[in-house]
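Beneath this line is the structure, given in structure tokens, with notes to follow.
The structure displayed is predicted, hence computed values, not measured ones. Computation of the quantities below employed the complete heavy-atom set of this structure, encompassing side-chain atoms and omitting hydrogens, waters and symmetry-equivalent molecules. Within every chain, numbering begins at 1; the chains are lettered A, B, ... in the order of the sequence lines, protein sequences first and strands thereafter.
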Amino acid sequence: MPVPWEALIPFGLLTTMFAAGGTLLNVSKRAQNQGKPIRYHIDSWDEMMMDRDKRLTGHLRGQAAEPVAPETFATNSVWYTERVGQ
Amino acid sequence: MSVYHKPDSAAHPYKDPAPLPASVPQVQELGTTSAPLKSAAFFIGAYCKDYNDDFMLCKGENRDPAHCLKEGRRVTRCAQDLITKMRENCLQEFDKHWNCLELHNQEYNHCRKPERALNKCMFEKLGLIKTIPGSPEGKTPIHEVKNPVYTGVQK
């Protein structure tokens, strides 16, 4: 009796689609983080430090180990402001 | 109440390109980002203890930023000095350790092997030891425990 291989196509499709979706998600997250795993459990301190990293290197996950900061670091800080009143 | 708001989330983020006034002595800012700084943190604590304590006590008096500028400059210069020395003496171990931290959410307990190499190099070359203040008396500090209970998830 021949094996009903057409019945196994949906299983194959499911597996492939799960794998493709998972891979796409992982690749997308890594691409946003310069190839490194994502940062999780980020608290306010980590947010502040990542903001500082962005000011120093241009990307939230960029890292540099120089003793002296580039000249632009002194004046490129951005302040969060809210409009109060009129 | 001080809550950190990300500047990107503001409707009109405020940028001020004007530099500090000339009356304030100029100091070059520290160019280390978060991961190398976390790697060097305990060594900065050991090397710059006096200046750091000075700054914290000054901040305890008055939270106004203008009040503690001098102590802050000293802290910056001391940290710069240490980072320069670290790069001269232990550059490879330092780079390995902070790259490992970057791959593990900047948590120390996943990167003990590079950390041990860095601690050994720092002790031999610069005589600095990592001590965790407040670790329980009589027990081995967590960074020296041979087989820790909490390790990372296998990736």
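Expressed to the nearest 0.5 Å, how far CG of B/L37 lies from CG of A/D53 amounts to 9.0 Å. Going from atom CD of A/E71 over to atom CD of B/E29 covers 10.5 Å, rounded to the nearest 0.5 Å. How far CG of B/L30 is from CG of A/L56: 8.5 Å, rounded to the nearest 0.5 Å. Annotation: the span from B/K6 atom NZ to A/E47 atom CD amounts to 5.0 Å, rounded to 0.5 Å. Separating the CG atom in B/N105 from the CD1 atom in A/I42 is a distance of 7.5 Å, to the nearest 0.5 Å.
Although no hydrogens or angles enter the test, the distance criterion places a donor-acceptor pair under 3.5 Å between the side chain of A/Q63 and the main chain of B/A35. When atom types are taken as modelled, the side chain of B/S34 and the backbone of A/M50 share no donor-acceptor pair closer than 3.5 angstrom. Between the B/T33 side chain and the A/A64 main chain, a donor and an acceptor come within less than 3.5 Å of each other. Within the 3.5 Å criterion, the main-chain N or O of A/A65 finds a donor-acceptor partner in the side chain of B/R87.
Using a 4.5 Å cut-off between heavy atoms, A/S44 contacts chain B through both its backbone and its side chain. For B/A18, the part sitting under 4.5 Å from any heavy atom of chain A is the backbone (N, CA, C, O) and nothing else. At a 4.5 Å heavy-atom cutoff, the contact between A/R61 and chain B is made by backbone and side-chain atoms alike. In this structure, no portion of A/T72 lies under 4.5 Å from any heavy atom of chain B. Both the backbone and the side chain of B/Q80 come within contact range of chain A, each with at least one heavy atom under 4.5 Å from a heavy atom of that chain. Proximity to chain B is limited to the side chain of A/R52, based on heavy atoms less than 4.5 angstrom apart. With a 4.5 angstrom heavy-atom cutoff, B/S9 touches chain A via backbone and side-chain atoms both. Interface residue B/D8: only side-chain heavy atoms are found under 4.5 Å from chain A. When heavy atoms are compared at a cutoff of 4.5 Å, A/A74 does not approach chain B at all.
Considering only heavy-atom pairs separated by less than 4.5 Å from chain B, the leading option among A/P70, A/A69, A/G62 is A/A69. Heavy-atom pairs under 4.5 Å with chain A were tallied for B/E107, B/E102, B/Q106, B/M86; the largest tally goes to B/E102. Interface remark: of the candidates A/D51, A/T57, A/D46, A/N76, A/D51 forms the most heavy-atom pairs closer than 4.5 Å to chain B.
B/L103 and B/L101 fall into different hydrophobic clusters, where Ile, Leu, Val, Met, Phe, Trp and Tyr side chains are chained together by heavy-atom contacts under 4.5 Å. Transitive grouping of hydrophobic side chains (ILVMFWY, heavy atoms separated by less than 4.5 Å) keeps A/M48 and A/F73 in distinct clusters. The hydrophobic clustering, which links ILVMFWY residues whose side-chain heavy atoms are closer than 4.5 Å, places A/M17 and A/L8 apart. Hydrophobic clustering of Ile, Leu, Val, Met, Phe, Trp and Tyr side chains at less than 4.5 Å, counting indirect connections, unites B/Y108 with B/V145. The hydrophobic clustering, which links ILVMFWY residues whose side-chain heavy atoms are closer than 4.5 Å, places B/I83 and B/L128 together.
A/Y80 and B/A10 make their closest contact through CD1-CB, 3.4 Å (heavy atoms, listed as atom of the first residue, atom of the second, distance).
Crowding of A/Q34 atom CD: a count of heavy atoms from other residues, nucleotides or ligands under 6.0 Å exceeding 12. Heavy atoms from other residues, nucleotides or ligands lying under 6.0 Å from NZ of A/K36 number more than 12. Atom OH of B/Y51 has 12 or fewer heavy atoms from other residues, nucleotides or ligands within 6.0 Å. Applying the 6.0 Å contact sphere to NZ of B/K59 captures more than 12 heavy atoms from other residues, nucleotides or ligands.
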